[in-house]
Protein chains: 2
Amino acid sequence: MSPEFALIHKHFTRPVTNATLGVGDDSALVRITQGCELAISTDSLVAGTHFYPDTDPERLGHKALAVNLSDLAAMGATPRFVTLAITLPAVDEAWLAAFTRGFFALADQHKVELIGGDTTKGPLSMTLTVLGEVPAGRALRRDGAQVGDDIWVSGELGGAALGLAQVQGLAQRDNEGSQSALERLYQPQPRVGLGVCLRGVANSAIDVSDGLLADLMHICERSTLAAEINWQDVPRAQALAAFSEDRQLAFALSGGEDYELCFTASPSQRAVLSALAVGCGIALARIGQTQAGAPGVQVFDQHGQAIKLPAAGFDHFSATG
Amino acid sequence: MSPEFALIHKHFTRPVTNATLGVGDDSALVRITQGCELAISTDSLVAGTHFYPDTDPERLGHKALAVNLSDLAAMGATPRFVTLAITLPAVDEAWLAAFTRGFFALADQHKVELIGGDTTKGPLSMTLTVLGEVPAGRALRRDGAQVGDDIWVSGELGGAALGLAQVQGLAQRDNEGSQSALERLYQPQPRVGLGVCLRGVANSAIDVSDGLLADLMHICERSTLAAEINWQDVPRAQALAAFSEDRQLAFALSGGEDYELCFTASPSQRAVLSALAVGCGIALARIGQTQAGAPGVQVFDQHGQAIKLPAAGFDHFSATG
């Protein structure tokens, strides 16, 4: 066995129980539950673009899987399997051991099996493909929003963006809640359980990865409607209170990486959603409504005045991205 | 729509006919044919490791998909869907257009749908995940070889390795067959149809990506048996005839990247395989036998003498890799 394969074998091969065949053949083999559709999502994390090369590998292992599971959560899918393609400048046993520790801890929590992958020499990056199951026809899609839906968001927003600003030296780190902001950045928790519970309740959903405004805009575009948000109803990380209104708007609405779920549901589902929030132990905030109109998101203050919005979302190829 | 998403939309979004939902949501949705297992394989191609950064993007688009489809062929799976995560140093419309032209030409040939992906800024690389279907329990696995099986290989070997040596200036380019060697390197044809036909005929299979010796060794290890190969029976690219015996051995047995299928089958299947070769229009050569014993591959000359073997396979992390 060559060093490359020995490396893969040591760090990534674990016995599979749900898959028919795991790591070690030309492909993996899995069986899909009858009556289910397969939800498939792929995300890359590239050093220098998505994370600093010296990021703690255990946190990186967690986050790489978390952002992919978040996509399945936004579809209401139950995660089942994952493949991991990882590119490394050199073999670093300690780094790999820490990365896989973070990766498998989250995988075990969600009963996701690693069934295949690739280990390659090159600039540090990783690409994961996650596979989940959802009963046929019941997935939460971006194109399902109806005019007159309530707009909801889970948890709180802005924490991850504040954490990133702290790491970059663009925000002070000594206020109350700084640590939890860093946790949000490094250890996002995909809302997998919530996503499954939203099947049959929400009309559309997306995960907040690029910022609420940018992500809600995707729902508007795919569902061909407009959205209005009430700023005072947007739940935000406690630590944001130390910052100006403008920076709070930027962190909470355009910051991204919080990996909460934004979804729309008929007003008739309000009681169900209140109960669901208690059942899942996750706060759910009703922050606005969808309306007939050209795709667009408007934000209003407590006086009903439209707020000028910060630039929307994160663009990997923009001059500042 | 941000520039990044406009880019993805323009180059990678095509209407899907087999998937329930394609590019443009948090995940794709697909339905799997009842009674089938899903075969899943992931491979990365990294600039500087797997290809030169200035490689013709149309050829690269073909090859990136071809090497992944080859993995499905080795399982006897019918390709259905693919995801593509691509990392680019900068937006290059002409490059992307050429890449997708090569990619989609091969995808259309095999009726594979692109259902999702990710476009990221960073060092040039791409990771594909292919999904195929195979009737439950009928996949060709590496661990299915039986003692006394014939060992077979499709097509001819060594062409891609010779092509690479030509590109690297390590072999002359003026002999007959040089051009076809380069074609093997740049435009490998995954043996998808052959793989499907080998279901129920072959006991084990692998695709020749790292070199026949290294790949056959994987079958030996997973099936816990030994393999003997007769060098004179190994089909090799015509252009190899211009080289010394040692270089022919290296090209044909250790070169890799030919993406032919190596498989084992009971001697009782010889007539079936002869007919199958005619039906598929692909030469099939019987090159040796499996035997009881510790995993290992031995190669014999026409006098029955063991041949000292060149170093086995390609190792991404070796000093020379």
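Everything numeric in this text was worked out from a predicted model, so none of it was measured. Throughout, protein chains are lettered first and strands after them, A, B, ... in sequence-line order, and every chain is numbered starting at 1.
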Heavy-atom distance under 4.5 Å to chain B: side chain of [X], backbone, both or neither?
{"X": "A:V30", "result": "both"}
{"X": "A:V130", "result": "neither"}
{"X": "A:I206", "result": "both"}
{"X": "A:R141", "result": "both"}
{"X": "A:A47", "result": "neither"}
{"X": "A:Q34", "result": "side chain"}
{"X": "A:I32", "result": "side chain"}
{"X": "A:L131", "result": "side chain"}
{"X": "A:T87", "result": "side chain"}

Inset, instruction - Give, for atom CG of B:L253 and atom CG of B:D215, the distance between the pair rounded to the nearest 0.5 Å. - result: 11.5 Å
Inset, instruction - Any chance you could measure B:S204, atom OG, to B:H218, atom NE2, to the nearest 0.5 Å? - result: 13.0 Å
Inset, instruction - Ignoring hydrogens and angles, tell me if any N or O in the side chain of B:S41 forms a donor-acceptor pair with the backbone of A:S27 under 3.5 Å. - result: no
Inset, instruction - Please check if the side chain of A:D92 supplies one atom and the backbone of A:A94 the other of a donor-acceptor pair under 3.5 Å. - result: yes
Inset, instruction - Against chain A, label B:A205 side chain, backbone, both or neither, depending on which of its atoms sit under 4.5 Å from a heavy atom there. - result: backbone
Inset, instruction - With a 4.5 angstrom heavy-atom cut-off, could you sort out which part of B:I40 is near chain A: side chain, backbone, both or neither? - result: both
Legend entry - Contact leader toward chain B among A:A85, A:G132, A:P295, where contacts are heavy-atom pairs under 4.5 Å: A:A85
Inset, instruction - Mind ranking A:G116, A:G137, A:A74 by heavy-atom pairs under 4.5 Å with chain B and telling me who comes out on top? - result: A:A74
Legend entry - B:E257 versus B:S209, side-chain donor and acceptor atoms under 3.5 Å: no
Legend entry - Pairs of heavy atoms under 4.5 Å with chain A: top-ranked of B:V134, B:L72, B:L21, B:D207: B:L21
Legend entry - Intermediate values then yes/no, side-chain contact (heavy atoms from CB on, under 4.5 Å), B:V67 and B:D71: CA-CA 7 Å; B:V67 305; B:D71 282 320; over 6 Å; no
Inset, instruction - Not counting sequence neighbours, list each pair that qualifies as a salt bridge (charged side-chain N to carboxylate O under 4.0 Å, His left out) and has a residue in residues 125-137 of chain A. - result: A:R80-A:E133
